Number of protein chains: 2
Amino acid sequence: METRRRATGRPRAFDVDEALDRALLVFWEQGFEGASLANLTEAMGISTASMYATLGNKEQLFRKALRRYDEGPSAYVVAALAEPTALRVATALLAGSIRTTTCPEQPHGCLGVQAALATGEAGREIRALLVDWRNKGHERIRDRFQRAVDEGDLPPDANPASLARYVHTLQAGIAVQAASGVSAGELQEMADTALRSWPH
Amino acid sequence: METRRRATGRPRAFDVDEALDRALLVFWEQGFEGASLANLTEAMGISTASMYATLGNKEQLFRKALRRYDEGPSAYVVAALAEPTALRVATALLAGSIRTTTCPEQPHGCLGVQAALATGEAGREIRALLVDWRNKGHERIRDRFQRAVDEGDLPPDANPASLARYVHTLQAGIAVQAASGVSAGELQEMADTALRSWPH
DNA sequence: CGCCTTCTGAAGCGATCGATTCAAAAGTGG
DNA sequence: CCACTTTTGAATCGATCGCTTCAGAAGGCG
């Protein structure tokens with residue numbers, strides 16, 4: 001019913017993924033509650049009827065936009081976790097955060113951080129969704145660092161969970177700084193000093 | 001006109017500061033846009049007429065609540081900046097952030113971070129206000145660390161702005177982690193390792 | 001071509017948004 | 001006790017919220 005496409009009928013006049021990317025930018029800039037249906041449909045270039053028929057309601061639209069975020073602006077995470085050493089993983093994660101949150105062609109900051117940090121009743125579910133999203137991010141780093149300990153890349157007394165929390169906290173902080181207009185250069189300089197103490 | 005109190009007339013039936021503290025909690029939990037006038041007045045225990053007469057509109061109410069936040073939950077900053085050494089300043093700032101953002105009796109996280117990180121048109125002014133609020137926070141730390149360099153507390157080649165950005169980014173990150181439900185203990189452990197690399 | 005499915009634009013649903021008005025209630029000072 | 005000032009509750013403003021409905025336009029398929 002979802003991915004099923006009947007062969008017949010009038011074909012859709014817009015590209016779904018492109019519409020989702022447009023909606024993503026609105027959610028990124030204005031947050032889940034701050035983005036109105038009028039904002040979203042205008043940016044997508046479609047009517048509310050078309051949106052509800054193909055994407056679902058506002059909440060489902062956000063979930064799909066978040067998936068696009070994972071595949072696009074946030075895709076650097078997968079590549080970073082595949083780096084050969086824990087230090088290079090951490091370096092790539094911070095560099096990726098800085099690049100994504102300060103890109104001039106996109107809203108500054110991180111969708112997963114700023115779209116629903118504090119919400120009213122209407123945004124409670126999306127807030128919980130993003131809490132999970134962020135916690136999942138920490139877990140992936142922790143698991144990667146645990147592997148580094150197992151492989152001898154990190155010293156045996158290193159604490160993978162705490163190191164992961166450190167990197168993840170810096171990522172979240174970078175997102176907030178970027179939303180405040182801090183430049184990529186200043187953030188990168190800070191990230192360099194932050195990793196100078198890395199255990200070896 | 002503001003602080004002027006005529007001796008005559010029916011006296012106010014509620015305490016202004018207590019009402020502001022109640023409103024503060026609502027803004028803290030739900031954000032500026034997510035908090036409705038109905039939420040706010042219900043929490044304050046007054047009607048909208050009383051609110052508009054004594055506190056002003058929603059935006060002015062938030063500005064006054066933010067002032068209460070500075071004097072209350074965020075007051076640890078002033079004490080931290082008065083610590084005798086840069087390391088102790090940084091330690092106190094992180095410990096204060098963790099304590100305030102994970103206090104069980106208050107909303108988790110930081111008002112200045114989560115109340116208006118991304119907003120629609122209605123919250124644009126408050127978003128700009130909090131951008132200034134956060135940037136001011138960084139500047140105060142930077143000035144304090146510059147003094148530490150001048151006094152020889154920090155080595156001459158230390159970069160006060162970058163160190164301040166480091167501490168301030170950790171504070172912002174801690175606020176996000178707390179909003180995700182991370183415990184004070186785990187954050188404190190992370191903060192301890194984060195400061196192990198402090199220049200000396 | 002003509003049936004038939006699907007999509008689209010427009011109108012409008014009830015609810016809630018922030019904000020305002022007004023008359024009655026409540027005290028204070030003379 | 002009365003006149004005067006201020007507060008308070010209730011009703012209500014137009015605008016916008018997310019969401020739905022519906023008739024007609026549009027194009028694939030036999």
Side-chain angles (χ1 to χ4, degrees), chain A residues 1-16 18-20 22-23 26-27 30-65 115-116 119-127, chain B residues 1-16 18-20 22-23 26-27 30-65 115-116 119-127:
Chain A
M1 164 219 281
E2 170 92 1
T3 52
R4 256 280 167 278
R5 281 293 297 275
R6 299 294 224 77
T8 173
R10 177 179 169 182
R12 192 174 291 117
F14 64 96
D15 183 73
V16 174
E18 188 179 323
L20 282 176
R22 304 279 190 87
V26 176
F27 280 131
Q30 316 216 41
F32 175 73
E33 282 184 328
S36 69
L37 262 294
N39 296 147
L40 292 162
T41 54
E42 187 193 13
M44 291 190 282
I46 63 177
S47 68
T48 61
S50 302
M51 197 209 88
Y52 273 88
T54 50
L55 285 326
N57 64 11
K58 190 186 181 185
E59 196 171 306
Q60 296 168 319
L61 175 64
F62 183 88
R63 293 182 130 89
K64 284 167 181 157
T119 69
E121 190 63 41
R124 197 141 297 182
E125 292 221 23
I126 296 299
R127 176 161 70 168
Chain B
M1 171 224 274
E2 172 92 1
T3 54
R4 257 280 167 273
R5 281 294 296 275
R6 302 292 225 78
T8 173
R10 175 178 172 181
R12 194 174 290 122
F14 64 95
D15 182 72
V16 173
E18 188 178 322
L20 282 176
R22 303 280 190 89
V26 177
F27 280 131
Q30 315 215 42
F32 176 73
E33 282 185 327
S36 69
L37 263 294
N39 295 148
L40 292 162
T41 53
E42 187 193 13
M44 292 191 281
I46 63 178
S47 69
T48 61
S50 303
M51 198 208 89
Y52 273 88
T54 49
L55 285 327
N57 64 12
K58 190 185 181 185
E59 196 171 306
Q60 295 167 321
L61 175 65
F62 183 88
R63 293 183 131 88
K64 284 167 179 156
T119 69
E121 190 63 41
R124 198 142 296 183
E125 292 220 21
I126 296 299
R127 177 163 68 168

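Just so it is clear: chains get the letters A, B, ... in the order the sequence lines come, proteins before strands, and each one is counted from 1. Everything quoted here is computed from the prediction, not taken from an experiment.
Considering every non-hydrogen atom in both B:Ala35 and B:Val26, the closest pair reads CB-CG1, 3.7 Å. Minimum interatomic distance between A:Gly34 and A:Asn39 (heavy atoms only, all atoms of both residues): O-OD1, 3.9 Å.
Atom-to-atom, CE of A:Met44 to P of D:dG18 comes out at 11 Å; the value is rounded to the nearest Å. Rounded to whole Å, the distance from CZ on B:Phe62 to C1' on C:dA19 is 19 Å. In this entry the distance linking CD of A:Glu59 with C1' of D:dC19 reads 14 Å, nearest Å. Following rounding to the nearest Å, B:Leu61 (CG) and C:dA19 (P) show an atom-to-atom distance of 10 Å. One atom, CG of A:Asn39, and another, P of D:dC17, lie 7 Å apart when rounded to the nearest Å. What separates CG of A:Asp15 from C1' of C:dC7 is a distance of 16 Å, to the nearest Å. The distance between atom CG of B:Leu40 and atom P of C:dC17, rounded to the nearest whole Å, is 10 Å. Remark: P of C:dG18 and CD of B:Glu42 are 14 Å apart, rounded to the nearest angstrom.
Minimum atom distance to the side chain of A:Arg12 is reached by C:dC7, of the listed C:dC7, D:dC19, D:dG27. Which of C:dA19, C:dG27, D:dT8 sits closest to the side chain of B:Pro11 comes down to C:dG27.
Within the 4.0 angstrom heavy-atom criterion, no nucleotide atom of any strand lies near B:Ala122. Among the protein residues, B:Ala49 comes within range of the nucleic acid bases, having at least one heavy atom under 4.0 Å from a base atom. At a threshold of 4.0 angstrom between heavy atoms, the contacts of A:Ser36 are confined to the sugar-phosphate backbone, with no base atom among them.
Between B:Ser47 and D:dT8 there is no side-chain N or O to OP1 or OP2 distance below 4.0 Å. Close to C:dT20, at under 4.0 Å from its OP1 or OP2, lies no side-chain N or O of B:Tyr52. Between A:Thr48 and D:dC19, a side-chain N or O to OP1/OP2 separation shorter than 4.0 Å is absent. Proximity of A:Arg10 to the phosphate of C:dT5: no side-chain N or O atom is located under 4.0 Å from OP1 or OP2.
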For B:Phe32 and B:Glu125, what are the C-alpha separation, side-chain angles and deciding distance, and is it a side-chain contact (heavy atoms from CB on, under 4.5 Å)? CA-CA 11 Å; B:Phe32 176 73; B:Glu125 292 220 21; over 6 Å; no
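In terms of position along DNA chain D, the nucleotide closest to B:Ser50 lies nearer the 5' end than the nucleotide closest to the other residue of the pair A:Glu33 and B:Ser50.
Using a distance-only test at 3.5 Å, with no hydrogens or angles considered, no donor-acceptor pair links the side chain of A:Arg127 to the main chain of A:Ala116.
At most 12 heavy atoms of other shown residues, nucleotides or ligands fall within 6.0 angstrom of atom CD in B:Glu42.
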